[in-house]
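Just follow the structure's listing: the first ligand is 1, and inside any ligand the first atom is 1.
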Amino acid sequence: MWLDEKLKAKKEEIYHSSREAVKLMLAEEKDEIVKMSTISVVLKKNFSYYLWVGFYRLEKDELLVGPYQGSPACLRIPLSKGVCGKSAAERQTIIVDEVEKFPDYIACDSKAKSEIVVPVFNQHDELIGVLDVDSQYKGAFDETDKRQLEALLKEIFSS
Ligand code: SME
């Protein structure tokens, strides 16, 4: 099933309140794991079309699973493998409307139908990992999710 227009229309509002909540909670916080845990739980609670949300942290040439909400996930992803590895290698957000059509997709949960992966940078513009979101709907993620998630990650990890 594809994400319906009613849910799409509510995205901006939910991102707005989620970003406000995360900013308030993390106002004095410096620790990256605390930040990742807080972002994962707030987003999972607020977005009904998020099936799995969490972070993979960059360690040498691999992405290691970090704080997340959802079913048990793959623990390690080599750079350039899967949507997460490609996003990290290219340092760009990737949106996949239908995961079964992505040639190098790594399946962790058969319920996942679409995905967005957003790279995470620290204040020195170094890549520290990626934020990965899976949806149970096809075509769940668009330019709104991209813009809002990139802005959220920037305000929490790069400033
Ligand atoms: N689907 C991802 C793997 C991580 S899970 O979705 C949690 C990928 O292809 O990189």
Side-chain angles (χ1 to χ4, degrees), residues 1-4 7-8 11 14-15 18-19 21-22 25-26 31-122 125-154 156-158:
M1 204 184 2
W2 290 75
L3 185 67
D4 66 49
L7 266 175
K8 280 189 189 171
K11 282 184 181 186
I14 309 172
Y15 277 113
S18 300
R19 280 172 63 185
V22 166
M25 290 169 81
L26 296 177
D31 186 86
E32 282 175 1
I33 301 291
V34 174
K35 292 178 179 183
M36 291 175 180
S37 307
T38 304
I39 291 170
S40 301
V41 76
V42 170
L43 294 178
K44 181 72 174 81
K45 185 169 178 290
N46 288 354
F47 285 92
S48 60
Y49 62 90
Y50 277 34
L51 175 71
W52 190 99
V53 50
F55 289 84
Y56 281 90
R57 295 181 306 117
L58 182 65
E59 289 277 339
K60 299 194 180 108
D61 292 342
E62 264 188 324
L63 293 167
L64 271 56
V65 77
Y68 68 92
Q69 296 279 314
S71 300
C74 320
L75 303 183
R76 291 168 182 264
I77 299 175
L79 268 194
S80 299
K81 294 281 178 200
V83 189
C84 291
K86 190 168 194 267
S87 168
E90 294 179 358
R91 296 172 167 247
Q92 276 187 30
T93 298
I94 298 178
I95 293 173
V96 180
D97 281 342
E98 295 176 82
V99 294
E100 74 267 25
K101 293 191 180 163
F102 190 88
D104 199 22
Y105 177 71
I106 301 168
C108 293
D109 185 338
S110 60
K111 290 197 198 81
K113 302 295 178 214
S114 64
E115 179 161 6
I116 184 169
V117 181
V118 187
V120 185
F121 301 97
N122 65 15
D125 210 25
E126 295 157 341
L127 184 76
I128 59 166
V130 297
L131 171 69
D132 179 16
V133 191
D134 293 331
S135 177
Q136 67 276 37
Y137 298 100
K138 290 183 180 181
F141 306 105
D142 57 22
E143 283 303 309
T144 300
D145 301 271
K146 177 179 187 290
R147 174 173 39 79
Q148 290 281 1
L149 290 173
E150 286 176 352
L152 167 67
L153 296 172
K154 194 170 178 192
I156 300 301
F157 292 98
S158 312

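Comment: Lys146 engages Glu150 in a salt bridge, judged by a side-chain N to carboxylate O separation of less than 4.0 angstrom.
Scanning all protein heavy atoms for the shortest distance to atom 4 (C) of ligand 1 gives Asp132 OD2, 3.3 Å. For atom 5 (S) of ligand 1, the closest heavy atom belonging to the protein is Cys108 SG, 3.2 Å.
Crowding of Lys81 atom NZ: a count of heavy atoms from other residues, nucleotides or ligands under 6.0 Å not exceeding 12.
At a 4.0 Å heavy-atom cut-off, ligand 1 touches Cys84 through backbone and side chain alike. When non-hydrogen atoms are compared, ligand 1 lies under 4.0 Å from the side chain of Asp134 (C-beta onward) but not from its backbone. Contacts between Tyr68 and ligand 1, counted as non-hydrogen atom pairs separated by less than 4.0 Å, are absent for every part of the residue. Contacts with ligand 1 closer than 4.0 Å are made by no heavy atom of Asp109, backbone or side chain.
Aromatic rings of Tyr15 and Phe47 (six-membered ring for Trp) have centroids within the 6.0 Å cut-off, being under it.
Within the structure, ligand 1 has Tyr56 among the residues with a heavy atom less than 4.0 angstrom away.
Closest to atom 1 (N) of ligand 1 by heavy atom, among Ile106, Val65, Leu75, is Ile106.
Taking any N or O of Gly85, backbone or side chain, none lies under 3.5 Å from an N or O belonging to ligand 1. At under 3.5 Å, a nitrogen or oxygen of Glu115, whether backbone or side chain, sits near a nitrogen or oxygen of ligand 1.
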